[in-house]
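My questions will all concern the structure given below.
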Amino acid sequence: MTHFDFYFDPVCPFAWAASRWLLDRANAHDADVDWHLMSLAILNEDEEPDSDEQRRRLDTARRLGRVLAAATDKAGADAIEPLYSALGRRIHFAGDEVTSTVVAEALAEAGLPAELADAMDDASFDDAVRASHERSQEALGEDGGSPILGIDGTYFFGPVLAGIPTGDEAEALYTSLVAIAGTAFAQMKRPANPPTFTA
């Protein structure tokens with residue numbers, strides 16, 4: 001059985017696209033996936049944001065990271081994927097603004113206490129976010145963004161997808177990545193434009 005580790009930042013659309021593909025194909029292949037948090041806010045903390053929009057996005061990444069850390073603290077690692085999926089449907093598909101109400105709705109959908117939304121502004125969870133982020137970088141062996149994918153212990157930055165592959169394309173990507181994880185393949189590169197999603 002193939003084992004995957006998937007490190008993501010919840011605001012990253014590239015990670016969202018890859019996660020939807022991975023969920024689908026892992027289920028089809030009865031593969032095992034462990035979900036982990038990384039942080040674009042921490043990755044970029046020593047650099048000045050290019051714009052106010054990027055600053056807001058990194059702040060949102062930090063605040064959602066705290067919520068995922070609080071959920072993990074409350075309910076264990078099995079809480080990560082259902083909460084990530086519930087958040088992602090709101091952020092990436094519906095285009096919802098990330099408010100405490102939206103986060104509370106996602107928590108409730110994931111079977112978690114809605115009051116964990118308060119963690120958005122609770123800096124006591126920052127150490128847990130940083131520890132998970134540092135594990136992602138250590139696994140990769142260098143600084144890398146979101147997502148980071150481990151396949152049976154071999155880690156890559158990526159796949160960074162411009163959309164969510166389906167059908168034969170999704171299967172071809174799955175089998176190709178599993179195959180190259182056992183080779184000297186070194187890198188996956190980000191496309192020029194972020195993906196867009198429809199409900």
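Only heavy atoms go into these numbers, but all of them, side chains included; no hydrogens, no water, no symmetry mates.
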When rounded to the nearest 0.5 angstrom, what is the spacing between OG1 in Thr99 and CZ in Arg90?
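Taking OG1 in Thr99 and CZ in Arg90, the distance rounds to 10.5 Å.
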
Worked check of side chain to side chain contact (heavy atoms under 4.5 Å, CB included) between Trp35 and Ser19
CA-CA 9 Å; Trp35 302 86; Ser19 73; 3.8 Å; yes

Value rounded to 0.5 Å, distance of OG in Ser39 from CG in Leu64:
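One gets 10.5 Å once the value is rounded to the nearest 0.5 Å.
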
His133 and Leu37, any side-chain heavy atoms less than 4.5 Å apart:
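Contact flag for Leu37/His133 side chains = no.
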
When you measure from the side chain of His36 to the backbone N and O of Ala77, does any donor-acceptor pair fall under 3.5 Å?
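Side chain of His36 to backbone of Ala77, a donor-acceptor pair under 3.5 Å: no, none is there.
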
Side-chain heavy atoms of Phe8 within contact of Leu68, under 4.5 Å:
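Of all side-chain heavy-atom pairs linking Leu68 with Phe8, at least one is under 4.5 Å.
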
Would you kindly say whether Glu171 and His29 are connected by a side-chain donor-acceptor distance under 3.5 Å?
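Yes, His29 and Glu171 have a side-chain donor paired with an acceptor closer than 3.5 Å.
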
Ring geometry between Phe93 and Trp16 (parallel below 30°, tilted from 30 to 60°, perpendicular above 60°)
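Plane angle over 60°, so perpendicular.
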
Kindly compute the distance separating OG (Ser85) from NE2 (His92), expressed to the nearest 0.5 Å.
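Output value for this atom pair is 10.5 Å.
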
Before giving the answer on side chain to side chain contact (heavy atoms under 4.5 Å, CB included), spell out for Leu161 and Phe14 the whole-Å C-alpha distance, their side-chain angles and the decisive distance to 0.1 Å.
CA-CA 6 Å; Leu161 304 176; Phe14 299 105; over 6 Å; no

Indicate if Val102 and Val67 have the same hydrophobic cluster label, given that clusters are the connected sets of ILVMFWY residues with side-chain heavy-atom separations under 4.5 angstrom.
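Val102 and Val67: separate clusters.
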
Under a 3.5 Å distance rule, please check whether Asp9 uses its side chain to pair with a backbone N or O of Leu40 as donor and acceptor.
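Yes: the side chain of Asp9 pairs with the backbone of Leu40.
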
Working to the nearest 0.5 angstrom, can you tell me the gap between Asp78 CG and Thr72 OG1?
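These two atoms lie 10.0 Å from each other.
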
Side chains of Met1 and Asp32 in contact at under 4.5 Å (non-hydrogen atoms):
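They are in side-chain contact.
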
Decide salt bridge (Lys or Arg N to Asp or Glu O under 4.0 Å) for Glu45 and Arg130; before the verdict, give the C-alpha distance in whole Å, the side-chain angles of both, and the deciding distance to 0.1 Å.
CA-CA 11 Å; Glu45 64 187 353; Arg130 184 173 296 277; 2.9 Å; yes

Hey, are Asp152 and His3 close enough side-chain-wise for a donor-acceptor pair under 3.5 Å?
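Looking only at side-chain atoms, Asp152 and His3 do not form any donor-acceptor pair under 3.5 Å.
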
CG-CD distance between Leu83 and Glu109, expressed to the nearest 0.5 angstrom
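Separation between the atoms: 9.5 Å.
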
How close do Arg66 and Asp126 get, heavy atom to heavy atom, and via which atoms?
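In terms of heavy atoms, the two residues are closest at NE-OD1, 2.6 Å.
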
Is a side-chain N or O of Trp21 found less than 3.5 angstrom from the main chain of Ala170, in a donor-acceptor match?
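Present.
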
Before you tell me yes or no, could you show the steps for Arg56 and Glu53 under salt bridge (Lys or Arg N to Asp or Glu O under 4.0 Å), namely the whole-Å CA-CA distance, both residues' side-chain angles and the distance that decides it to 0.1 Å?
CA-CA 5 Å; Arg56 285 191 295 271; Glu53 174 59 29; 3.0 Å; yes

Under the 3.5 angstrom rule, does the side chain of Asn27 hit a backbone N or O of Leu23 as a donor-acceptor pair?
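Flag set: sc Asn27 to bb Leu23 pair under 3.5 Å.
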
Looking at Ser132 and Val129, would you say the former's side chain and the latter's main chain have a donor-acceptor pair under 3.5 Å?
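No: the side chain of Ser132 does not pair with the backbone of Val129.
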
Determine the minimum heavy-atom distance between Ala18 and Pro147, stating which atoms define it.
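It is CB-CG, 4.1 Å.
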
Working note: Tyr7 + Phe157, criterion ring-ring contact (aromatic ring centres under 6.0 Å, His included); need CA distance, chi angles, decisive distance, verdict.
CA-CA 9 Å; Tyr7 286 91; Phe157 167 45; over 10 Å; no

Ignoring hydrogens, what is the shortest heavy-atom contact between Val33 and Phe6? Give both atom names and the distance.
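It is CG1-CB, 4.4 Å.
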
Quick one, Met38 and Glu134 - any side-chain contact, counting heavy atoms below 4.5 Å?
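The answer is no; the side chains never approach within 4.5 Å.
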
List the atom of Phe4, the atom of Val178, and the distance in Å for their closest heavy-atom pair.
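Heavy atoms only, the tightest pair is CZ-CG2, 4.0 Å.
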
Any donor-acceptor pair under 3.5 Å from Asp24 side chain to Arg20 backbone:
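No: the side chain of Asp24 does not pair with the backbone of Arg20.
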
Arg55 side chain vs Ser51 backbone, donor-acceptor pair below 3.5 Å:
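Between the backbone of Ser51 and the side chain of Arg55 there is no qualifying donor-acceptor contact (under 3.5 Å).
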
Are the side chain of Arg57 and the backbone N or O of Val11 linked by a donor-acceptor pair below 3.5 Å?
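At least one qualifying donor-acceptor pair exists.
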
I'd like to know if Glu105 pairs up with Arg89 as an ion pair, taking the criterion as any Lys NZ or Arg NE/NH1/NH2 lying under 4.0 Å from an Asp or Glu carboxylate oxygen.
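Not counted as a salt bridge, because no side-chain N and carboxylate O are separated by less than 4.0 Å.
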
I'd like to know if the side chain of Glu142 reaches the main chain of Gln137, judged simply by a donor and an acceptor atom lying under 3.5 Å from each other, with no hydrogens or angles considered.
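It does not hold such a pair.
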
Give the minimum heavy-atom separation between Leu149 and Pro159, together with the two atoms involved.
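That closest heavy-atom pairing would be CD2-CD, 3.7 Å.
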
Work out which heavy atom in Ile151 is nearest to a heavy atom in Leu177; give both atom names and the distance.
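Looking at all heavy atoms of both residues, the closest pair is CD1-O, 3.5 Å.
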
Same cluster for Phe125 and Leu116 if Ile/Leu/Val/Met/Phe/Trp/Tyr side chains link at under 4.5 Å?
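No; tracing contacts between hydrophobic side chains, which count when under 4.5 Å, never links both residues.
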
Which value, rounded to the nearest 0.5 Å, describes the distance between Ile148 atom CD1 and Glu138 atom CD?
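Result: 11.0 Å between the selected atoms.
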
